[in-house]
Amino acid sequence: MSVEYAVELFAPDSSFGPGTKIAEVWDARDLGWSRYDRLPGRGFFTLYQTSPALSLIDPPLTHARITRVAPSGNVEVFNGIVSDYSSTGDDVLFDIYDYVSLLSLSRTGYRTMYPVKAIGSEIVAAEWALGKNATYSPFGFVTTGTIQDPVGTDGSTVIKTNNEFGLMDQMRLQLFFDLAEMGRANTTNQVTFEITRTSPFTFNFWKNKGTLRDIGLVLNGTVSDYEHAPNWNSYRNDLATLGTTTGGGATEIVKTDETAAAARARRQDVFLLKTVLGIAGAATEADQQQAAAARQLKSAVQGSPALWLTLLPGVIEPFTGWDINDLFPVEVGNGKDAIATPWRASGVRGIFSEQGEKLILLMTPVLT
């Protein structure tokens, strides 16, 4: 299947969003793009020093859209801001970052307090509005979409902060990442946020995102190659941290998976609570911290392996019937590796060069 990529350039409008199209670039070389869960995606393309498009690109104001052009249909795989460039005698390499990256240019207030607040409707919504409505906001053009409240293990109880939660000059990208972590608590919910890949560019905060797709990722079938990093070095089954009692004193919180310890020996560690969180109705702050510690243990026992799958060209196309955070049945049977369970697509990257197109999925295990 013949695949091409086109790059379109847009001048900024009055809200610093993509305005009038100023060029279509078909002579770009060594082009690439990526998209990830809760992290900025990056794009890049190379132009000759003689390209007429060079004079039109004004970092960090010019917007760029990368479209995958194929017989099966065209798909916008990337939209973002041309952030910078580097030059050599022959070429100019342009860096692009998607609109999630703009959250890293926005700062929260100093000593802004959110005691006993729902994560989505009362914190994310407020902080998003403050950033979006700020004078000269870099993401003022982004539409406000769905902002949901994460819930606890019962599927209905809204997770809230403790009575001392507040912010002190934190970048909003990190804040929303941390709030998503808080929302996951000791659940299996995939709490996440996004600025959508295509127009109208929209900010969403989801309490549980991802659908199991009937698209098998099978080595020597839809997958041509892979790289598996089990990351056993991070495996632990007995964790301890310092918490705070309702009276303000220190207390130890210990979480242990005795079944895992019996199987793989007791592997202990200490950690710091990223933040104090809990499920509404919890009797004490310690209960809230227990929820955070329980998720930390769950992650430590199940580990943090990564699986990079190189897709067979033309078999699975980007964002066609699937999206980031969706789950796929994965089958990798090869010597040391034996995987036959659903994994989550946490990222995707594409590279287009003289050798053709290469698509790679970053897969992460699903917490159970």
Side-chain angles (χ1 to χ4, degrees), residues 1-13 15-36 39-102 138 141 195-201 224-225 308 310-320 323-324 347-362:
M1 180 177 66
S2 176
V3 172
E4 297 289 339
Y5 276 87
V7 178
E8 297 169 274
L9 302 176
F10 299 84
D13 62 15
S15 61
F16 298 104
T20 304
K21 184 164 74 171
I22 54 178
E24 291 186 5
V25 181
W26 291 91
D27 59 342
R29 298 176 295 109
D30 297 328
L31 177 151
W33 57 273
S34 62
R35 187 167 176 83
Y36 298 100
L39 296 173
R42 178 185 176 232
F44 64 89
F45 62 91
T46 302
L47 296 176
Y48 288 115
Q49 287 280 15
T50 55
S51 173
L54 291 179
S55 63
L56 303 174
I57 302 176
D58 183 19
L61 294 175
T62 303
H63 294 250
R65 173 191 297 158
I66 300 177
T67 300
R68 182 180 187 268
V69 181
S72 56
N74 299 344
V75 177
E76 292 179 28
V77 295
F78 189 93
N79 278 279
I81 296 280
V82 180
S83 61
D84 208 347
Y85 68 90
S86 59
S87 300
T88 66
D90 297 322
D91 301 321
V92 182
L93 173 66
F94 289 94
D95 275 317
I96 326 166
Y97 282 91
D98 69 15
Y99 297 134
V100 170
S101 70
L102 299 177
F141 65 94
I195 294 178
T196 56
R197 176 174 44 86
T198 58
S199 180
F201 304 107
S224 63
D225 200 0
W308 290 97
T310 302
L311 301 181
L312 193 69
V315 175
I316 297 173
E317 301 191 66
F319 310 117
T320 302
D323 208 339
I324 299 298
V348 58
R349 67 187 185 199
I351 299 173
F352 186 72
S353 64
E354 294 178 353
Q355 288 72 42
E357 180 188 45
K358 186 176 184 180
L359 295 175
I360 304 174
L361 292 179
L362 170 61

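In this chain, numbering begins with 1 at the start of the sequence shown. Note that these values count all heavy atoms, side chains included, but never hydrogens, waters or copies made by symmetry.
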| field | Note, Trp33 side chain near Val348 side chain (heavy atom, < 4.5 Å) | value | yes
| query | Under 6.0 Å between the ring centres of His63 and Phe201? | reply | no
| remark: Taking every heavy atom of Ile316 against every heavy atom of Leu359, the minimum-distance pair comes out as O-CD1, 3.9 Å
| field | ring-ring contact (aromatic ring centres under 6.0 Å, His included), paired with Tyr5, selected from Phe44, Phe78, Phe352 | value | Phe352
| Gap between atom CD1 of Ile351 and atom OG1 of Thr310 - 0.5 Å precision | 9.5 Å
| field | Residue pair Arg68 / Val3: nearest heavy atoms and the distance that separates them | value | NH2-CG2, 3.6 Å
| message | To the closest 0.5 Å, what do you measure between CD1 (Ile360) and OG (Ser34)? | response | 11.0 Å
| query | So, do Ile324 and Arg197 sit near enough that their side-chain heavy atoms are less than 4.5 Å apart? | reply | no
| task | Show the numbers, then the answer: is there a side-chain hydrogen bond (donor to acceptor under 3.5 Å, both in side chains) between Asp90 and Thr88? | result | CA-CA 5 Å; Asp90 297 322; Thr88 66; 5.7 Å; no
| How long is the span from the CG atom in Asn74 to the CD atom in Glu4, to the nearest 0.5 Å? | 11.0 Å
| field | Side chain proximity check, Glu24 to Thr67, heavy atoms < 4.5 angstrom | value | no
| query | Considering only heavy atoms from C-beta outward, does the side chain of Pro18 approach that of Asn79 to under 4.5 Å? | reply | no
| field | Main-chain N/O of Gly41 paired to Asp98 side chain as donor or acceptor, under 3.5 Å | value | yes
| Quick one: are Val100 and Tyr36 in side-chain contact, heavy atoms under 4.5 Å? | no
